[in-house]
Amino acid sequence: MPELPEVEVVRAGLEPAVTGATVTGVTVFDERSLRRHPGPAEDFIDRLTGATLLAPARRGKYMWVPIAGSKTKEISPVSTTSAPNAAVSAESPSFSTAALVLHLGMSGQVLLREPAVDDSLTRIRLDLEHPVHGPLRLNFVDQRIFGSMAIDDLVATTDAPEQSIPGQVTHIARDPIDPLFDERAFLRRLAARKSGIKRALLDQSLISGIGNIYADEALWAARIHYEQPASILSRARAKTLLGEVRGVLARALVEGGTSFDTQYLNVNGESGYFAHSLNAYGRQGEPCPRCGRPIARETFMNRGSHFCPFCQRVRLPRAG
């Protein structure tokens, strides 16, 4: 599924087009794409039609668009280690208590089009009127229908009370490029994990936004085997790994994310180019860019782990 760089590219692409736009029409072609919405399609349509949208926000792989002046239940504090980018203020014209949550799943795409343009496999269509750009169309396209749209109530976070997040995303931790990411807390929680380090990196309640591709790339860069027990990873090596995670994500963002096929596209229907910069993921049998030995692939959690058996070895404490 799309990981942090891909979702952030989509969020950034949406921002100038949807911020301040009014929803003039909503068409639901496939109600399966509303599986996370707490109500029927008619409720989704009624609550969005005529609504004004605010700046999109993101946490990890999740993205949402706050709805201006939305009327839902009161915001209540929740205990969470994460925080979004959108602020909530009852005195502000941008006050919002609900948001349109977009989850891309495995193959979801959010495409901005001219008003009369439709895309094949569009599951939900939003017609927008922007005060600067005029009429636009937003098509939610999803081949495998694992993604979804939903309207969800926003709740305040305890570590940043001025910020809010959809209730269905509160279990997701901060991502490592979030300015409020707590590095000390992450390293402390990581040291308590008994699992392999890659399994820990993929745990979105510990650190969000990292999926199979960027976990493999960061572990290769840090020279750490994916099955290295997290609890015996030294603090210095854990900090090195976190630095490599941030570096990989930053480089992928610059190149627009990773596309192997048309299942991931940005809002303009364009592919990302980071696939050309991968050192380990998908390179099984090719020479390691560091040592020249073949990159290996092993089955891991119903997917694959790509690594260099020479550069990335499991290191265990010496006996005695």
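Just the heavy atoms: all of them, side chains too, but no hydrogens, waters or symmetry mates, feed the values below.
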Q: Strictly distance-based, threshold 3.5 Å: is any side-chain N or O of Q312 a donor or acceptor partner for the main-chain N or O of C308?
A: yes
Q: Could you tell me whether the side chain of R293 and the main chain of C288 form a donor-acceptor pair under 3.5 Å?
A: no
Q: Using the six-membered ring of W220, assess whether NZ or CZ of R290 lies under 6.0 Å from its centre and within 45 degrees of the ring axis.
A: yes
Q: Is there a donor-acceptor contact under 3.5 Å from the side chain of R199 to the main chain of M301?
A: no
Q: What are the two closest heavy atoms between S164 and W64, and how far apart are they?
A: O-CZ2, 3.9 Å
Q: Could you give me the CA-CA distance, side-chain angles and deciding distance for T170 and V155, then say whether side-chain contact (heavy atoms from CB on, under 4.5 Å) is met?
A: CA-CA 8 Å; T170 56; V155 294; 3.6 Å; yes
Q: Please assess R246 against E183 for the test salt bridge (Lys or Arg N to Asp or Glu O under 4.0 Å), listing each intermediate value before the final yes or no.
A: CA-CA 12 Å; R246 287 172 167 149; E183 182 171 319; 3.1 Å; yes
Q: Give a yes or no on whether R125 atom CZ has more than 12 heavy-atom contacts from other residues, nucleotides or ligands under 6.0 Å away.
A: yes
Q: Just by distance, with hydrogens left out, do S148 and R36 show a side-chain donor and acceptor under 3.5 Å apart?
A: yes
Q: Tell me the closest heavy-atom pair linking P38 and I151, and the distance in Å.
A: CD-O, 3.4 Å
Q: What's the shortest heavy-atom distance between P2 and M106, and which atoms?
A: CD-O, 4.0 Å
Q: Against N212, only a single residue in K198, E217, E3 fulfils side chain to side chain donor-acceptor pair (under 3.5 Å); can you say which?
A: K198
Q: With no hydrogens and no angle check, just 3.5 Å: does a side-chain donor-acceptor pair link T258 and Y214?
A: yes
Q: Please check: side-chain N/O of S208 versus main-chain N/O of A173, any donor-acceptor pairing under 3.5 Å?
A: yes
Q: Do L242 and F181 have side-chain heavy atoms sitting under 4.5 Å apart?
A: yes
Q: Would a distance-only check, ignoring hydrogens and angles, find a side-chain to backbone donor-acceptor pair under 3.5 Å from H225 to L219?
A: no
Q: Any heavy-atom pair between the side chains of T52 and I67 that's under 4.5 Å?
A: no
Q: Going by heavy atoms in the side chains, are P56 and T19 under 4.5 Å from each other?
A: yes
Q: Does R11 come within less than 4.0 Å of E6, counting only side-chain N to carboxylate O?
A: no
Q: Any non-hydrogen side-chain atom of K61 less than 4.5 Å from a side-chain atom of L104?
A: no
Q: So T97 and L154, do their side chains get closer than 4.5 Å, heavy atoms only?
A: no
Q: State the CG-CE distance between L102 and M63, to the nearest 0.5 angstrom.
A: 5.0 Å
Q: What verdict does the side-chain contact (heavy atoms from CB on, under 4.5 Å) test give for L190 and I197, after you've listed the backbone C-alpha separation in whole Å, the side-chain angles of each residue and the deciding distance to 0.1 Å?
A: CA-CA 8 Å; L190 184 67; I197 186 62; 3.7 Å; yes
Q: Taking the side chain as everything from C-beta on, heavy atoms only, tell me whether L253 gets closer than 4.5 Å to I177.
A: yes
Q: Using a strict cut-off of less than 4.0 Å between a Lys/Arg side-chain nitrogen and an Asp/Glu carboxylate oxygen, indicate whether R193 and D203 qualify as a salt bridge.
A: yes
Q: Minimum heavy-atom separation for Y226 to T299, with atom names?
A: OH-O, 4.5 Å
Q: How about V245 and V248: do any of their side-chain heavy atoms sit closer than 4.5 Å?
A: no
Q: Evaluate salt bridge (Lys or Arg N to Asp or Glu O under 4.0 Å) for R174 paired with D182, printing each intermediate quantity in order.
A: CA-CA 8 Å; R174 290 185 185 274; D182 190 335; over 6 Å; no
Q: Which pair of non-hydrogen atoms, one from T24 and one from T49, has the smallest distance, and what is that distance?
A: O-CG2, 4.3 Å
Q: Could you verify whether a donor N or O on one side chain and an acceptor N or O on the other, from Q204 and Y62, lie under 3.5 Å apart?
A: no
Q: Do N139 and I124 touch side chain to side chain, with heavy atoms closer than 4.5 Å?
A: no
Q: Return the CZ to CG distance between F140 and L100, rounded to the nearest 0.5 Å.
A: 9.5 Å
Q: Testing the basics here: between F307 and P309, what is the closest heavy-atom pair and its distance to 0.1 Å?
A: O-CD, 3.5 Å
Q: Check step by step if side-chain contact (heavy atoms from CB on, under 4.5 Å) holds for R123 and I145.
A: CA-CA 8 Å; R123 308 302 178 181; I145 321 184; 3.6 Å; yes
Q: Would R251 and E255 pass as an ion pair if we require N to O under 4.0 Å?
A: no
Q: Take L128 and R137 through the side-chain contact (heavy atoms from CB on, under 4.5 Å) test and state the conclusion after the steps.
A: CA-CA 6 Å; L128 309 174; R137 176 164 287 179; over 6 Å; no
Q: Looking only at side-chain N and O atoms, does D142 offer a donor or acceptor that is under 3.5 Å from a partner on S107?
A: yes
Q: Quick check with a 6.0 Å cut-off and a 45 degree axis cone: is R313 positioned over the face of F310's six-membered ring?
A: yes
